[in-house]
Amino acid sequence: MFFSIIIPLYNRPEEIKELLQSLLRQSYKDFEVIVVEDGSAVPAKTIVEGFEGALDIHYFEKRNEGQGFARNYGFERARGTYFIVFDSDILVPEDYLTIVKESIDKEGWDAFGGPDAAHESFTTIQKAISYSMTSPFTTGGIRGNKNHVGQFHPRSFNMGISRKVWEATGGYKLSRRSEDIEFSIRMINAGFKVGLISDAFVYHKRRTSLNQFFKQIYNFGKGRIDIAQIYPSELKAVHALPAVFTLGVLGLFTLNIIDLLLFNDAVILHYLVWLGDILLFSFVVLLLWHSTMVTKSFRVGLFSVVTAFIQLMAYGFGFMGNYIDRVLLRKDTSA
């Protein structure tokens, strides 16, 4: 047994069926699947049992503790040499495991991650969110771009670790919110060879509304401060850029109102506002153009402008709010 695929699941039975169907089509066959139901009120046991015989699949139920500890529960029961962690809302291309196996044989990875992408069957909103989560103008390529910034940190929607990494580290120490980043940092600090397999992408379906997307990214922003409390050196200037963008947008909105109330009589203010509006409009046009070119859809491009602003500002608000709470006011908000 070379691969053990670990899938934590919480109240999402509709997702696991599509994921398991995509695993049926894998060209590389030496793997098992471990589904860990993390205290779900709506279990997927019947759906998972439907794949018995077609897949080497094992279903476990446990009390709810969060996705980090659910993955650890799966690691403890895995038989493979390498453990692969997937979120339940992804689809796996049929050559994924073949690509990963070849890269491990060639590079000797102790741990690795891959990027996410949008499938042609995704909805407009799903494609727009996928764009904003992978665009160089929003994330800077830190989620799996070949030209990613600095040391690559695998994320748990598409992550793999060797058994020796699990045995040496004990797996996830945080149960929720940035638990994958903390785990990645600890693996790297322990001297393991960790890297990106750029061709090992998954289709990240993200069944979410714009409101849910805001809440998710807001927690990502909060999580970056949580990580900085554990590893202060991991807080970089690039992580504060969404907060700077958020303050800039709010400041420009305020200045536009002031400028209108003054009937454009404050000449210097008027020209500063005009310059800021031009810069923001140029950013919007850049997002629209780039997304339209990448997705080959003007409609997706329009929605991508919305999702990009949601992503940047949600992260910015979460980052700033948790910085005030944990750094300035010294509250414990990590739970």
Side-chain angles (χ1 to χ4, degrees), residues 15 18 22 87 89-93 113-149 152 155 157-158 196 198-221 238-253 255-256 273-319:
E15 292 181 352
E18 287 185 294
S22 71
D87 281 352
D89 60 347
I90 64 136
L91 305 176
V92 187
D116 52 350
H119 192 270
E120 59 183 12
S121 66
F122 286 8
T123 66
T124 297
I125 291 295
Q126 288 170 335
K127 290 177 180 177
I129 290 175
S130 180
Y131 169 81
S132 65
M133 291 294 287
T134 56
S135 170
F137 305 114
T138 53
T139 64
I142 62 174
R143 287 179 59 88
N145 188 290
K146 291 182 180 180
N147 299 314
H148 59 84
V149 179
F152 176 70
R155 307 298 175 95
F157 66 87
N158 181 8
L196 167 70
S198 58
D199 292 331
F201 66 89
V202 297
Y203 298 116
H204 206 162
K205 198 156 190 178
R206 294 190 180 92
R207 293 175 178 85
T208 184
S209 65
L210 294 180
N211 182 55
Q212 291 170 329
F213 181 54
F214 180 95
K215 292 178 180 179
Q216 179 187 39
I217 303 303
Y218 179 83
N219 280 323
F220 285 175
V238 67
H239 299 135
L241 290 180
V244 173
F245 177 84
T246 301
L247 291 173
V249 170
L250 295 177
L252 183 60
F253 178 77
L255 290 176
N256 268 280
V273 170
W274 177 81
L275 177 60
D277 289 344
I278 290 296
L279 290 174
L280 187 60
F281 178 76
S282 299
F283 181 61
V284 169
V285 171
L286 178 63
L287 286 172
L288 176 59
W289 169 81
H290 188 258
S291 177
T292 300
M293 294 298 102
V294 170
T295 65
K296 298 179 174 59
S297 169
F298 181 72
R299 178 178 172 84
V300 174
L302 287 173
F303 277 93
S304 293
V305 173
V306 176
T307 56
F309 270 72
I310 289 175
Q311 179 182 339
L312 289 167
M313 297 189 72
Y315 192 101
F317 281 126
F319 183 95

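Computed from a predicted structure; not experimentally measured. As a basis for the values below, the full set of heavy atoms in this structure was taken, side chains included, without hydrogen atoms, waters or symmetry mates. Sequential numbering from 1 along the given sequence is applied to the chain's residues.
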Query raised in the report: Can you list the steps and then say if Glu15 with Asp87 is a side chain to side chain contact (heavy atoms under 4.5 Å, CB included)?
Result: CA-CA 10 Å; Glu15 292 181 352; Asp87 281 352; over 6 Å; no

Identify the heavy atoms of [X] and [Y] that sit nearest to each other, and give their distance.
{"X": "His239", "Y": "Pro242", "value": "O-CD, 3.5 Å"}
{"X": "Ala117", "Y": "Phe201", "value": "CB-CD1, 4.0 Å"}
{"X": "Phe213", "Y": "Ile129", "value": "CE1-CG2, 3.5 Å"}
{"X": "Thr138", "Y": "Leu312", "value": "O-CD2, 3.8 Å"}

Min side-chain heavy-atom separation [X]-[Y] under 4.5 Å:
{"X": "Leu210", "Y": "Ile125", "answer": "yes"}
{"X": "Gln311", "Y": "Tyr131", "answer": "no"}
{"X": "Phe122", "Y": "Leu91", "answer": "yes"}
{"X": "Asn158", "Y": "His204", "answer": "no"}
{"X": "Phe283", "Y": "Val249", "answer": "no"}
{"X": "Pro115", "Y": "Leu196", "answer": "yes"}

Query raised in the report: Is a side-chain donor-acceptor pair under 3.5 Å present for Asp277 with Asn256?
Result: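 A pair is found: one side chain offers a donor N or O, the other an acceptor, under 3.5 Å apart.
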
Interatomic distance, [X] atom [atom1] to [Y] atom [atom2] [nearest 0.5 angstrom]:
{"X": "Tyr203", "Y": "Gln126", "atom1": "OH", "atom2": "CD", "value": "14.0 Å"}
{"X": "Lys127", "Y": "Glu120", "atom1": "NZ", "atom2": "CD", "value": "7.5 Å"}
{"X": "Leu280", "Y": "Leu275", "atom1": "CG", "atom2": "CG", "value": "11.5 Å"}
{"X": "Phe245", "Y": "Leu250", "atom1": "CZ", "atom2": "CG", "value": "9.5 Å"}
{"X": "Ser132", "Y": "Leu287", "atom1": "OG", "atom2": "CG", "value": "9.5 Å"}
{"X": "Arg155", "Y": "Phe220", "atom1": "CZ", "atom2": "CZ", "value": "7.5 Å"}

Query raised in the report: Going by the angle between their ring planes, with limits at 30° and 60°, are Tyr218 and Phe214 parallel, tilted or perpendicular?
Result: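 Parallel, since the angle between the ring planes stays under 30°.
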
Please report, to 0.1 Å, the donor-acceptor pairs under 3.5 Å made by any side chain of residues 298-309, with sequence neighbours excluded.
from: Arg299; atom 1: NE; to: Thr124; atom 2: OG1; distance (Å): 3.4
from: Ser304; atom 1: OG; to: Ser291; atom 2: OG; distance (Å): 2.7
from: Ser304; atom 1: OG; to: Val300; atom 2: O; distance (Å): 2.8
from: Thr307; atom 1: OG1; to: Ala128; atom 2: O; distance (Å): 3.1
from: Thr307; atom 1: OG1; to: Phe303; atom 2: O; distance (Å): 3.3
from: Thr307; atom 1: OG1; to: Ser304; atom 2: O; distance (Å): 3.1

